[in-house]
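Okay, structure first, notes after.
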Amino acid sequence: MKYKFPKDFLWGVATSAYQTEGNGVNTDWWYQETHKKNTDKYPEEPSGIANDFWNRFEEDIDLVSELNCNSYRLSVEWARIEPREGFFDEEAIFHYKKILQYAKSKNLKIFLTLHHFTIPLWFREKGGFEKLSAIRYFARYSFKCVEEFKDYVDFFITINEIEVLSLMGYLRGSWSPMKKSKILAIWVHIVLLFCHKQAYLDIKKKFSVKIGLVKNIVWYEGKGDSLLDKINARLAFFVNNHLSLMPVAKNLDFIGLNYYFSNLIKNFIVCNPCDSESDLGWWISFDGLRNTLVSLRRYNLDIYITENGLADANDKKRKWFIKNMLISAYEAMDANEVNLKGYFHWTLTDNFEWHHGYWPQFGLVKIDRKNNLERIKRPSFDYYKLICKTGIVEDTI
Ligand code: BGC
């Protein structure tokens, strides 16, 4: 069977600044990496030069173009743009314009994320998102980005995955600033929502650009027939999903969905089968994507899958993963009338996978870290390339 996506569907890949650019020296993450104590488990290794995207962006954007993508999602580094409080670095802004211009010259629609997990050191020292002043700082930075980059950008994304940032940085404590406090995690989550809202309101007063938020959503389901497990799964999904989107629903022009995995719940704990997992042990479930998309219909907004991919160093499951995720997405549009407008695969090249360092490999393109960061296309690159060209997914590979 052939699944034909609409003509105007956006096909792309997504990347982020800190994970690829290299030398993010002025960020909280770099600080964490260089001040790691012997007792700290994370990060497993420093980011260093990453993929040197800062200098090799043309090579990578050429790959996006070779994939037949019509869109590209990338991010800018706040710490480069505003390295000191209130000082905006014209050179860094100029460099980002060169990157964006190059992408535009390849006819790519641009989704630009303004905050993808990392913050400038000065902002960290001021308390980061723990302080209410963050709302003012973030809105000012976002406004500046829109002012500078609006001619190149089609869709702005204020913040990537509010709940992941508060969970990993303030509850699990494995990401900068490595704290473990339930109260702080909830508080930071709230402050981040206000950051988005303020940025949205300020920008919209002056510019008519499209602004959205990217939400990571995990689908939850009860394992077996127990009513209690079913209720718990519904609750977990509600908390994970709608509690972050509902408060800002009026301040969104579109929703970005990052979907990676689902969880089965049994007696209040996650109890996933071991039938199919990524290298990170994430349970691969295609139905979860469709169910999540259907649940987002209530917002009546356009939806873009802004990230979906898997850690698969040997490229054994990636084609199968892409095929089935896309079929699930297609079904959500076709049978459930979800306003899905695009799909961005995570990610183009292997990159710095946060606290794990470089071992999880999500790229359609392998980075040979021992050989001058050579870009080596995996077989799944050609598979996705054909889909982007034809807009058709076949259920055989
Ligand atoms: C993040 C990416 C990350 C990916 C895989 C997403 O939640 O936005 O930065 O690399 O997950 O872990």
Side-chain angles (χ1 to χ4, degrees), residues 12-22 24 27-30 32-33 42-45 47 50-51 53 60 72-78 111-119 155 157-172 174-176 189 192 196 212-219 240-241 244-245 255-263 277-285 288-289 292 304-313 317-318 321-322 325 343-367 380:
V13 283
T15 61
S16 93
Y18 195 78
Q19 293 178 273
T20 58
E21 283 177 357
T27 61
D28 61 330
W29 264 81
W30 192 274
Q32 207 72 58
E33 290 165 24
Y42 297 123
E44 288 175 36
E45 59 183 317
S47 55
N51 297 353
F53 176 84
D60 287 347
Y72 178 33
R73 174 182 172 220
L74 72 165
S75 76
V76 284
E77 187 66 76
W78 184 358
F111 281 61
L112 191 72
T113 312
L114 306 183
H115 179 264
H116 198 121
F117 298 150
T118 44
I119 54 173
F155 298 82
I157 291 162
T158 52
I159 305 174
N160 182 65
E161 301 182 347
I162 284 181
E163 68 303 321
V164 175
L165 185 63
S166 29
L167 173 83
M168 299 300 281
Y170 294 90
L171 193 65
R172 297 224 180 121
S174 32
W175 287 10
S176 174
H189 190 283
L192 281 162
H196 165 80
L213 196 65
V214 160
K215 176 85 187 77
N216 182 305
I217 303 184
V218 177
W219 175 256
N240 169 259
N241 178 356
S244 321
L245 280 177
I255 294 175
L257 165 67
N258 289 357
Y259 175 81
Y260 285 91
F261 59 88
S262 297
N263 278 333
E277 294 174 343
S278 74
D279 293 350
L280 277 165
W282 297 354
W283 179 49
I284 301 170
S285 150
L289 176 59
T292 303
Y304 296 87
I305 297 174
T306 37
E307 284 180 37
N308 174 243
L310 87 166
D312 179 21
K317 297 180 181 159
R318 195 169 279 107
F321 177 94
I322 294 175
M325 284 295 178
Y343 173 90
F344 292 76
H345 190 73
W346 184 270
T347 179
L348 177 67
T349 44
D350 293 342
N351 62 16
F352 178 68
E353 184 49 37
W354 304 112
H355 60 304
H356 291 303
Y358 286 102
W359 72 260
Q361 296 176 15
F362 280 80
L364 293 166
V365 177
K366 181 182 171 63
I367 296 282
S380 53

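Whatever order the structure lists them in is the order used to number ligands and atoms, beginning at 1. Residues take their numbers from the sequence shown, with the count starting at 1. Note that the structure is predicted; figures quoted are calculated from it, not measured.
- Between Gln19 and ligand 1, at least one N/O pair is under 3.5 Å apart.
- Residue Tyr18 does not touch ligand 1, judged by heavy-atom distances below 4.0 Å.
- The ligand atoms of ligand 1 that sit less than 4.0 angstrom from a heavy atom of His116 are 1 (C), 2 (C), 8 (O), 9 (O).
- Summary of contacts: the protein heavy atom closest to atom 4 (C) of ligand 1 is Tyr260 OH, 3.4 Å.
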(message) Please evaluate residues Trp354 and Trp29 with respect to the criterion side chain to side chain contact (heavy atoms under 4.5 Å, CB included), reporting the C-alpha separation (whole Å), side-chain torsions for both, the decisive distance (0.1 Å), and the verdict.
(response) CA-CA 9 Å; Trp354 304 112; Trp29 264 81; 3.7 Å; yes
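- In this structure, a donor-acceptor pair under 3.5 Å is present between the side chains of Glu307 and Tyr260.
- If you check which protein heavy atom lies closest to atom 1 (C) of ligand 1, you get Glu307 OE1, 3.3 Å.
- Between the side chains of Thr27 and Thr118, no donor-acceptor pair is found at a separation under 3.5 Å.
- Aromatic ring centroids of Tyr72 and Phe111 lie 6.0 Å or more apart.
- Within the 4.0 Å heavy-atom criterion, neither part of Val164 lies near ligand 1.
- Closest to atom 12 (O) of ligand 1 among all protein heavy atoms lies Glu353 OE2, 2.4 Å.
- Shown in contact with Asn216 at under 4.0 Å from a heavy atom are these atoms of ligand 1, numbered in order with element: 7 (O).
- Residues forming a salt bridge (Lys or Arg N to Asp or Glu O under 4.0 Å) with Asp350 (at least two apart in sequence, or on another chain): Arg378.
- Side-chain contact of Ser75 with Tyr18: a donor-acceptor pair under 3.5 Å is absent, judged by distance alone.
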(request) With side chain to side chain contact (heavy atoms under 4.5 Å, CB included) as the test, would you mind laying out the steps for Thr347 and Gln19 before giving the verdict? (result) CA-CA 11 Å; Thr347 179; Gln19 293 178 273; over 6 Å; no
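- Against a heavy-atom cut-off of under 4.0 Å, Phe362 is close to the following atoms of ligand 1: 5 (C), 12 (O).
- When non-hydrogen atoms are compared, ligand 1 lies under 4.0 Å from the side chain of Asn160 (C-beta onward) but not from its backbone.
- Expressed to the nearest 0.5 Å, how far CG of Leu348 lies from CG of Leu364 amounts to 6.5 Å.
- At a 4.0 Å cut-off, not a single heavy atom of Tyr259 sits close enough to ligand 1 to count as contact.
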